[in-house]
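Read through the structure below, which is laid out as structure tokens, and then see the notes.
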Amino acid sequence: GLTAQHLKKSKLMFFFTRYPCVTTLKSYFSDVQFSRSTTSQLIKWFSNFREFYYMQIERFAREAVCDGVEETTDLVVDRDSELFHVLNIHYNKSNDFQIPQRFLEVTTTALREFFGIVRCNNDLETGWKKIIYKVI
DNA sequence: CTATCCCCTG
DNA sequence: CAGGGGATAG
């Protein structure tokens, strides 16, 4: 079965891939004997990771709109960002890992994507989030 | 019918 | 996070 160590490892893996395929998971967790159960559990973990991830990004995007941010390019997620802090606590609690720069770039892209749609009030159409998920 | 994803709950 | 429903792709 999967242990707490595997969960921790999964969270760090999330910094590199938001949508890992089964093949990637199996190669990354070579010490795990995969079964239908463990596989779906890992898939579920990443699904939950994404939900928290996008939920936080959406929250900050809405705050930016309320704060009257004009230029989309003014939105940048760096290591000093509040958004980064929230995500780091969630996926890297012990803070013993250096989050890859690529993750910051991806998150910045996602934040701008959410911002653009929310600002134009296009967030009423059903499935508007899926458009963003495809970008990332 | 199986695998995945999203969405909502607890 | 885990469960479960609804939707979708192969």
Side-chain angles (χ1 to χ4, degrees):
Chain A
L2 296 171
T3 66
Q5 272 52 4
H6 291 133
L7 174 58
K8 182 176 181 180
K9 194 173 179 180
S10 296
K11 290 187 174 183
L12 294 186
M13 187 178 178
F14 186 72
F15 285 119
F16 297 92
T17 49
R18 264 61 62 189
Y19 292 86
C21 61
V22 179
T23 311
T24 303
L25 290 173
K26 289 185 175 179
S27 62
Y28 198 72
F29 293 94
S30 55
D31 62 323
V32 176
Q33 57 284 29
F34 280 83
S35 67
R36 206 199 310 273
S37 174
T38 57
T39 300
S40 58
Q41 187 178 1
L42 269 174
I43 294 291
K44 182 60 180 177
W45 279 358
F46 277 86
S47 177
N48 283 327
F49 293 163
R50 286 193 296 273
E51 288 185 11
F52 178 82
Y53 178 64
Y54 290 123
M55 192 180 296
Q56 296 308 312
I57 293 177
E58 180 181 353
R59 185 162 70 80
F60 278 81
R62 289 185 184 287
E63 284 183 15
V65 172
C66 289
D67 292 344
V69 174
E70 292 293 333
E71 294 299 318
T72 301
T73 52
D74 287 343
L75 295 174
V76 178
V77 180
D78 55 34
R79 297 175 195 286
D80 296 321
S81 301
E82 195 180 333
L83 173 56
F84 173 79
H85 182 64
V86 173
L87 296 175
N88 189 55
I89 287 180
H90 190 77
Y91 305 109
N92 186 31
K93 188 79 175 181
S94 54
N95 198 43
D96 54 5
F97 183 75
Q98 256 294 335
I99 280 65
Q101 188 62 35
R102 179 78 184 112
F103 179 76
L104 297 177
E105 297 170 4
V106 172
T107 306
T108 295
T109 300
L111 179 61
R112 292 177 175 175
E113 209 69 32
F114 267 99
F115 176 78
I117 294 180
V118 173
R119 178 180 53 179
C120 299
N121 292 316
N122 286 151
D123 57 330
L124 293 179
E125 301 171 34
T126 51
W128 64 280
K129 293 179 183 178
K130 292 184 179 180
I131 300 175
I132 299 176
Y133 299 162
K134 287 182 180 178
V135 177
I136 304 170

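In what follows, every chain begins at residue 1, and chains take the letters A, B, ... in the order their sequences are listed.
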Return the [atom1] to [atom2] distance between [X] and [Y], rounded to the nearest 0.5 Å.
X      : Y      : atom1 : atom2 : result
A:S81  : A:L87  : OG    : CG    : 10.0 Å
A:T108 : A:F84  : OG1   : CZ    : 11.0 Å
A:I43  : A:F46  : CD1   : CZ    : 8.5 Å
A:F49  : A:H90  : CZ    : NE2   : 7.0 Å
A:F14  : A:I99  : CZ    : CD1   : 12.0 Å
A:Q98  : A:F103 : CD    : CZ    : 13.0 Å

Task: First-last contacting nucleotides on DNA chain B - partner chain A, under 4.0 angstrom, heavy atom - done: B:dA3 to B:dC8
Open item on the list: Can you tell me how the ring of A:F52 sits relative to the ring of A:Y91, calling it parallel under 30°, perpendicular over 60° and tilted otherwise?
Closed with: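 Perpendicular: the ring planes of A:F52 and A:Y91 meet at over 60°.
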TODO: May I ask you to say what A:Y19 touches in the nucleic acid, namely base, sugar-phosphate or nothing, with a heavy-atom cut-off under 4.0 Å?
DONE: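 Sugar-phosphate contact only - A:Y19 comes under 4.0 Å of backbone atoms but never of a base.
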Open item on the list: Tell me which pairs pass side-chain hydrogen bond (donor to acceptor under 3.5 Å, both in side chains) where either residue lies in residues 22-33 of chain A, with sequence neighbours left out.
Closed with: A:H6-A:D31
Task: Residue whose nearest DNA chain B nucleotide is more 5′ - A:S40 or A:K129 - done: A:S40
Open item on the list: A:K129: which residues meet the salt bridge (Lys or Arg N to Asp or Glu O under 4.0 Å) condition with it, sequence neighbours left out?
Closed with: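 Salt bridge (Lys or Arg N to Asp or Glu O under 4.0 Å) check on A:K129 returns A:E58.
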Task: Residue list, side chain to side chain contact (heavy atoms under 4.5 Å, CB included) with A:K8, at least two apart or on another chain - done: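 Here the qualifying residues are A:S94, A:D96.
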What protein N or O atoms touch nucleotides 5-9 of chain C N or O atoms at under 3.5 angstrom, if any, and at what distances?
none

Show each protein N/O and nucleotides 1-3 of chain C N/O combination with a separation under 3.5 Å, one pair to a line.
residue : atom : partner : partner atom : Å
C:dA2   : OP1  : A:Q41   : NE2          : 3.0
C:dA2   : OP1  : A:W45   : NE1          : 3.3
C:dA2   : OP2  : A:W45   : NE1          : 2.6
C:dA2   : N7   : A:N48   : ND2          : 2.9
C:dA2   : N6   : A:N48   : OD1          : 3.4
C:dG3   : O6   : A:K44   : NZ           : 2.5

